[in-house]
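Please read the structure below before turning to the comments.
Values below: every heavy atom of this structure, side chains too, minus hydrogens, waters and symmetry copies. Sequence lines set the chain letters: A, B, ... in the order given, protein chains first and strands last, and positions in each chain run from 1. The structure displayed is predicted, hence computed values, not measured ones.
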Number of protein chains: 2
Amino acid sequence: MAKRVTLAEVAAQAGVSPITVSRALRRPDTVQPDTRARIDAAVAALGYVPDPAARALATGRADVIGVLIPSATNAVFTDVLTGLYDELSETRFDLQYGITRYEPATEEKLLGVFLRQRPAGLIVAGIDQTPAARRLLERADCPVVQVMETGPDPVDMMVGFSHHDAAAAATRHLIAQGYRNPGFLGARMDPRTQRRFAGFRAEAEAGGVFDPERCETTPVPSSVGGGAALLRALMTRRPETDAVFCNNDDLAMGALFEAMRMGFPVPERLGICGFNDLEMMHAAEPALTSVRTNRFEMGVRAARMIRARLDGRDPGPALIDLKPQVQARRSTGGPS
Amino acid sequence: MAKRVTLAEVAAQAGVSPITVSRALRRPDTVQPDTRARIDAAVAALGYVPDPAARALATGRADVIGVLIPSATNAVFTDVLTGLYDELSETRFDLQYGITRYEPATEEKLLGVFLRQRPAGLIVAGIDQTPAARRLLERADCPVVQVMETGPDPVDMMVGFSHHDAAAAATRHLIAQGYRNPGFLGARMDPRTQRRFAGFRAEAEAGGVFDPERCETTPVPSSVGGGAALLRALMTRRPETDAVFCNNDDLAMGALFEAMRMGFPVPERLGICGFNDLEMMHAAEPALTSVRTNRFEMGVRAARMIRARLDGRDPGPALIDLKPQVQARRSTGGPS
DNA sequence: CTGAAAGCGCTAACAA
DNA sequence: TTGTTAGCGCTTTCAG
């Protein structure tokens with residue numbers, strides 16, 4: 001247990017006052033080059049590392065950026081994290097995560113945990129905060145970025161896309177490929193999922209091919225096995241279904257396997273489209289169509305916006321729409 | 001920006017001294033019930049929340065448990081996180097993550113970041129720390145748990161399993177099912193992967209069925225697409241291969257799809273076994289054999305060990321071996 | 001450009 | 001059981 005080296009010791013070693021060391025460390029250009037050199041040498045010699053708690057207490061602000069996501073096991077969110085990391089790992093900021101489990105109450109609670117640290121910035125997934133959570137965010141006194149989704153009245157900044165429109169685009173693709181009886185597979189049915197469903201529905205209705213009976217959903221979380229079960233239920237009840245828009249890629253993968261088991265050739269008898277375009281989609285047989293969402297990029301952008309604001313630079317537009325693209329692959333090649 | 005409510009204000013409101021409030025909050029049983037009641041009322045009335053930085057500075061210890069994992073996108077690690085969360089979410093401890101990207105140098109650096117916060121505990125994945133990192137851990141002055149793996153001389157505590165033995169068990173299963181020319185598919189080839197390979201090799205040699213030419217590996221990270229590519233390369237070079245032990249489930253899934261493309265019936269022409277038993281494995285067609293590793297449980301156990309130590313309770317054995325089980329499914333049903 | 005004084009909000013140690 | 005006195009290590013004024 002090497003006891004902690006303090007600023008004061010560094011100062012003594014360098015023959016200056018503590019505050020000068022503090023300045024040399026935080027804004028090197030505000031101290032004489034030779035003073036700085038002596039300080040740097042002392043820091044290195046003593047192996048000094050600042051105490052984040054002391055700094056936080058003195059400044060009333062922690063060098064922490066809090067991130068609130070619904071799930072740590074869903075690749076959709078972890079990809080955003082990776083983007084954040086990439087952009088923030090060489091800065092003075094630490095990331096701190098909170099997992100909301102899709103529970104608004106948990107989100108509220110974690111927001112409290114973060115807020116009392118007075119974080120440098122906050123990144124939250126989605127736009128479905130409770131009124132209380134939203135109020136907390138609005139008063140947060142730090143940059144806030146909502147990611148994954150766009151919507152009206154951002155708390156502060158926003159980078160995402162319209163889930164409604166993305167689902168509509170996928171549905172349009174299905175129709176354009178010649179499918180006439182498209183269905184919908186959905187799980188968990190959280191607000192984002194429901195907006196995707198709304199997009200599917202709107203587009204299907206516009207094309208005159210919507211049938212509520214071809215929508216199979218469940219409140220349980222998505223999984224490959226769940227996708228298989230949903231497809232079986234749907235095809236059993238509505239055998240005329242000739243394509244499915246799956247709320248995410250896990251469901252789509254499960255639907256593919258179940259189609260195999262039921263003997264439905266994909267894409268001839270059944271078209272399958274997923275959502276998110278995880279890596280596995282392109283490798284499947286047949287390769288699965290999906291909607292590519294730019295998750296990594298969202299993380300990068302969110303981090304940049306926060307950094308810009310913290311550095312007093314122009315963060316650019318407060319709302320960034322990273323429009324997804326439909327990645328058409330063989331699984332929606334069209335009915336035979 | 002409601003300005004921060006401090007302990008002193010609560011104390012004033014309750015008509016006691018600050019330290020009494022402090023005690024009432026941390027060890028309620030050390031203050032008179034009626035005093036405590038007054039304090040609780042004041043806390044509620046003012047909406048007081050403690051400042052973690054001030055506490056950390058005063059105690060020289062943060063209520064943070066640091067977690068170091070190689071990847072935030074690999075389900076293998078996020079499942080452990082979920083277990084940690086489950087066990088820790090209702091305690092005073094916050095989790096803080098660091099992603100090492102499989103880079104020992106990054107692990108070392110992040111360890112430094114954590115350590116200077118004087119965390120309450122540390123959880124690190126694996127046993128392959130650099131000597132410097134290991135030294136840091138040994139001097140950490142807090143409980144340390146190595147997870148995911150077991151090995152000789154734990155830094156402190158350990159909960160995991162032998163990757164060598166788990167791979168050997170899977171290989172044994174392949175041989176018992178009648179496969180005589182098993183191959184190996186591996187990616188990234190980090191130390192854990194290499195130990196799995198060693199387990200495969202040892203068991204295959206013991207069964208007289210090992211051929212180094214049937215081992216296809218790549219340094220790039222695992223992916224479904226990568227698994228497909230590896231299988232194609234292997235089957236092209238060594239068409240006699242009748243089964244593959246895949247270093248993880250992504251590779252196995254890719255191998256399955258590639259087998260379909262190449263027209264190799266699974267399991268008759270080619271047996272496939274994965275590793276980790278992700279949810280998708282059981283839902284595949286055919287269902288894929290894998291090795292079930294108890295990742296969630298590892299997280300739970302690690303959290304419990306740390307809590308026990310912090311609470312001064314007996315943490316139980318310092319080394320917990322959560323032996324994996326081979327989940328035999330149709331993909332290793334045996335050669336025709 | 002550098003320093004002195006004061007204090008961030010909390011808790012350890014001791015005392016009462 | 002409760003209070004007093006000092007700080008934890010750093011940074012903010014405000015001077016020099």
- prompt: When you check the gap from the basic side-chain N to the acidic O, do A:R118 and A:D63 get nearer than 4.0 Å?
  reply: no
message: If the threshold is 4.0 Å, N to carboxylate O, is there a salt bridge linking B:D128 and B:R195?
response: yes
query: Could A:R188 and A:D190 be called an ion pair, given the rule that one side-chain N must be under 4.0 Å from one carboxylate O?
result: no
- request: Return the value, rounded to whole Å, for the distance between atom CG of B:D63 and atom C1' of C:dT11.
  value: 13 Å
- line: Result for 5'-nearest mapping on DNA chain D, choosing between A:V49 and B:P18, is B:P18
Length of the CZ-P vector between B:R55 and D:dC10, whole Å: 21 Å
- request: Looking only at side-chain atoms of A:A58, point me to the closest of C:dA12, C:dC10, C:dC8.
  value: C:dC8
message: What's the closest nucleotide to the side chain of B:L7 if the choices are D:dG3, D:dG9, C:dC10?
response: C:dC10
query: OP1 or OP2 of C:dT11 sitting under 4.0 Å from any side-chain N/O of B:T59?
result: no
field: Proximal nucleotide (of D:dG9, D:dC10, C:dC10) relative to the A:P50 side chain
entry: D:dC10
task: Would you mind classifying the nucleic acid contact of B:R26 as base, sugar-phosphate or nothing, using non-hydrogen atoms under 4.0 angstrom?
output: sugar-phosphate
message: Tell me the interatomic distance from A:R23, atom CZ, to D:dC14, atom C1', rounded to whole angstroms.
response: 11 Å
query: Which value, rounded to the nearest 0.5 Å, describes the distance between B:M158 atom CE and B:I320 atom CD1?
result: 12.0 Å
Distance, rounded to the nearest Å, where A:D51 contributes CG and D:dG9 contributes C1': 6 Å
- prompt: Closer than 4.0 Å, any side-chain N/O of B:T35 to the OP1 or OP2 of D:dT2?
  reply: yes
- prompt: A:S22 side chain N/O closer than 4.0 Å to the phosphate oxygens (OP1, OP2) of D:dT11?
  reply: yes
query: Expressed in angstrom and rounded to an integer, what is the separation of B:E9 atom CD from C:dG9 atom P?
result: 8 Å
- prompt: Rounded to whole angstroms, how far apart are CZ on B:R27 and C1' on C:dT11?
  reply: 12 Å
query: Can you find a donor-acceptor N/O pair under 3.5 angstrom joining the side chain of A:R116 to the base of C:dG9?
result: no
query: What integer distance in Å separates A:L25:CG from D:dT11:C1'?
result: 12 Å
- request: Compare the minimum distances between each of D:dC8, D:dC10, D:dG3 and the side chain of B:L57, then state the nucleotide with the smallest one.
  value: D:dC8
B:I19 CD1 to D:dA6 P, straight-line distance once rounded to whole Å: 15 Å
field: Side-chain ion pair, B:D86 and A:R101, N-O less than 4.0 Å
entry: yes
